[in-house]
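Note sheet for the following structure.
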There are 2 protein chains.
Amino acid sequence: MREAAEPKSDAFRVQKEIFYEYLDKQGLKRTQQREVILETFLHADHHINVDQLIERVRQIDPTIGQSTVYRTVNIFLECGIAQELRLTDETRRLEPIIGNRHHDHLICTECGSTIEFFNCSLEVAQIIAASKHGFKPARHSLKIYGTCRNCQLRADTQR
Amino acid sequence: MREAAEPKSDAFRVQKEIFYEYLDKQGLKRTQQREVILETFLHADHHINVDQLIERVRQIDPTIGQSTVYRTVNIFLECGIAQELRLTDETRRLEPIIGNRHHDHLICTECGSTIEFFNCSLEVAQIIAASKHGFKPARHSLKIYGTCRNCQLRADTQR
DNA sequence: ATGGTTGCAAACCTTTTGCATCGGG
DNA sequence: CCCGATGCAAAAGGTTTGCAACCAT
């Protein structure tokens, strides 16, 4: 019934705790559906969209309605265990936030692959740049579009 | 009939040339509607959305259909005189690209205001960060969310 | 004359919502 | 038992598309 839930379960303990505490705090209920959706989301692709999530959820329990998935995803966003991501002009994708490991994205416009990275001096430079405008930064989203290593190599060999 | 078209017309010469050259190159036609939509877009708010653009276009020529505006906006995006912008989770907005003056955005989560800025060392830091992953950057989108100066002051005085 | 363009309405896609029923605490 | 949660279908945005008439070249 549940697939691949136990093996990695410890890795997502933090997210689950945050989610269930948020439910409690808001007077919301811990239902079977929400558990299935949470498990599925945490074990899914890193950049999944809601449609794909619905599909996978229904592989586990076909009776779960799409509105339930949407409603649950909105709770994920509210309590901060997921964040929205728009890689290109595509539909929104969801990304689990693992701990506090913030990262930015390199997006290859050739093959569509993405690389997640974190660069400390870049973070610092952003804080400095923002404060020059009297702005107090809280979070940010940086997407760098270009060509990944593989696609550069492929272009070179084909030339 | 046409309002505020002549005064600033020189400021947008580059965009217009790019657009009309793109039309030619693609075998597309220079119609009245496209001219009105282009004028309106270039003179509109910097972060206009399509609905607002349709409204303004229809103040000039109420017979222009919404699909024509959408289709024309898509041409703007294709030929590069406009770019998409999603400030928060809101609907997409359009931003005219004036020359090559790239900029990033500071977005205040209190009042929703945005500041456009450009910071050279930030640009350099991004190129360095990308190249560490063998990635060849072409363009990027940086949005920093936080609190603007005014909202910080307001919060201080209210406390 | 020809092939792209337009306006209209309908279709589309993603997300939200109203409602009667269900179920967790 | 109560109130929130669910599934369904419908509604609600925002954007695209099919089509017959239109118009720029």
Side-chain angles (χ1 to χ4, degrees), chain A residues 19-41 47-79 82-95, chain B residues 19-41 47-79 82-95:
Chain A
F19 181 64
Y20 291 129
E21 273 172 24
Y22 184 81
L23 291 186
D24 275 2
K25 201 174 57 188
Q26 302 289 317
L28 306 175
K29 286 169 183 170
R30 186 185 301 209
T31 64
Q32 276 235 328
Q33 289 92 333
R34 285 181 178 160
E35 279 177 20
V36 170
I37 296 166
L38 176 62
E39 275 309 334
T40 310
F41 171 62
H47 295 157
I48 199 171
N49 66 38
V50 185
D51 256 13
Q52 297 165 335
L53 181 58
I54 291 171
E55 200 181 317
R56 298 209 184 182
V57 164
R58 285 185 166 162
Q59 285 170 13
I60 299 169
D61 180 349
T63 69
I64 293 181
Q66 62 160 17
S67 27
T68 301
V69 178
Y70 272 103
R71 285 187 273 235
T72 306
V73 161
N74 285 340
I75 299 174
F76 293 166
L77 295 171
E78 283 165 32
C79 73
Q83 72 180 351
E84 275 198 9
L85 193 64
R86 285 182 193 272
L87 294 179
T88 65
D89 316 341
E90 298 165 36
T91 50
R92 85 172 165 166
R93 290 166 180 280
L94 302 166
E95 183 176 50
Chain B
F19 180 64
Y20 291 129
E21 273 171 25
Y22 183 81
L23 291 184
D24 275 3
K25 200 174 58 188
Q26 301 289 318
L28 306 174
K29 285 170 183 170
R30 185 184 304 209
T31 65
Q32 276 232 330
Q33 289 92 331
R34 284 177 180 163
E35 281 177 19
V36 170
I37 297 166
L38 177 61
E39 277 306 336
T40 309
F41 171 62
H47 295 158
I48 198 172
N49 66 38
V50 184
D51 258 13
Q52 297 166 333
L53 182 59
I54 290 172
E55 200 182 317
R56 298 210 185 181
V57 163
R58 284 185 167 162
Q59 285 169 12
I60 299 170
D61 181 348
T63 70
I64 293 181
Q66 62 160 16
S67 28
T68 303
V69 178
Y70 272 103
R71 285 188 273 237
T72 306
V73 160
N74 285 341
I75 299 174
F76 293 167
L77 295 171
E78 282 165 31
C79 73
Q83 71 181 352
E84 274 198 8
L85 193 62
R86 285 182 195 268
L87 295 181
T88 64
D89 316 341
E90 298 164 34
T91 50
R92 82 172 167 169
R93 290 165 180 280
L94 301 165
E95 183 176 51

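The chains referred to below are lettered A, B, ... by the order of the sequence lines, with proteins before strands, and numbering in each begins at 1.
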side-chain contact (heavy atoms from CB on, under 4.5 Å) evaluation trace for A:L77 with A:N74: CA-CA 5 Å; A:L77 295 171; A:N74 285 340; 4.0 Å; yes

Go through it in stages, so that I can follow the logic: the residues are B:L38 and B:T72, the test is side-chain contact (heavy atoms from CB on, under 4.5 Å), and I'd like the CA-CA distance, side-chain angles, deciding distance and then a yes or no. CA-CA 8 Å; B:L38 177 61; B:T72 306; 6.0 Å; no

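Residue B:S67 has no polar side-chain atom (N or O) positioned under 4.0 Å from OP1 or OP2 of D:dT16.
Judged as a ring pair (Phe, Tyr, Trp, His ring centres under 6.0 Å), and not counting sequence neighbours, the contacts of A:F76 are A:F19, A:F41. Residues passing the side chain to side chain contact (heavy atoms under 4.5 Å, CB included) test with B:N49 are B:D51, B:Q52, B:T91, B:R93, sequence neighbours excluded. When the side chain to side chain donor-acceptor pair (under 3.5 Å) test is applied to A:Y22, the partners found at least two apart in sequence or on another chain are A:E78. The side chain to side chain donor-acceptor pair (under 3.5 Å) check on A:R56 picks up A:D45, with sequence neighbours excluded. Residues passing the side chain to side chain donor-acceptor pair (under 3.5 Å) test with A:Y70, sequence neighbours excluded: none. Residues forming a side chain to side chain donor-acceptor pair (under 3.5 Å) with B:E21 (at least two apart in sequence, or on another chain): none.
Across the interface with DNA chain C, nearest-nucleotide mapping of B:P62 and B:Q26 shows B:Q26 to be the residue nearer the 5′ end. Take the nearest nucleotide of DNA chain C for B:G27 and for B:T68: the residue whose nucleotide is more 5' is B:G27.
Each end of the helix from C:dA1-D:dT25 to C:dG25-D:dC1 gets its own axis from five base pairs, and the two axes differ in direction by 30°, given to 10 degrees.
Against DNA chain D, the stretch residues 49-56 of chain A makes no heavy-atom approach under 4.0 Å. Only A:Y70, A:R71, A:N74, listed by number, bring a heavy atom of residues 70-77 of chain A to less than 4.0 angstrom from any atom of DNA chain C.
Nearest approach of A:T40 to A:L53, heavy atoms of both residues: CG2-CD1, 3.9 Å. The shortest heavy-atom contact between B:L28 and B:I75 is CD1-CD1, 4.3 Å. The two residues A:R92 and A:R86 come nearest to each other via the heavy atoms N-NH1, 3.7 Å. Between A:T68 and A:Q33, the shortest heavy-atom contact is CG2-CB, 4.1 Å.
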How does each nucleotide of nucleotides 20-25 of chain C score, in 5' to 3' order, for protein heavy atoms under 4.0 Å: base (B), sugar-phosphate only (S), or none (-)? ---BBS

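As a whole-Å value, the separation of A:R86 CZ from C:dT14 P is 11 Å. Between the CD atom of A:E35 and the C1' atom of D:dA5 there is a distance of 14 Å, given to the nearest Å. For B:R34 and D:dT25, the CZ to P distance is 11 Å, given to the nearest whole Å. When rounded to the nearest whole Å, the span between OH of A:Y22 and P of D:dA5 equals 11 Å. A straight line from CG of B:D24 to P of D:dA24 spans 15 Å, rounded to a whole angstrom. Summarising the geometry, the separation between NZ on B:K25 and P on D:dT25 is reported as 18 Å, rounded to the nearest angstrom.
Counting only heavy atoms from C-beta outward, the side chains of A:L94 and A:V50 approach each other to under 4.5 Å. Contact of the A:I54 side chain with the A:I64 side chain is not registered, since no non-hydrogen atoms from C-beta on lie closer than 4.5 Å.
Side-chain atoms of A:R34 come within 3.5 Å of backbone N or O of A:K29 as a donor-acceptor pair.
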Contacts under 3.5 Å, N or O only, protein and nucleotides 10-12 of chain C:
none

Are any protein N/O atoms closer than 3.5 Å to N/O atoms in nucleotides 20-22 of chain D? If there are, list each pair with its distance.
none

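The distance from the CD1 atom of B:I37 to the OG1 atom of B:T31 is 7.0 Å, given to the nearest 0.5 Å.
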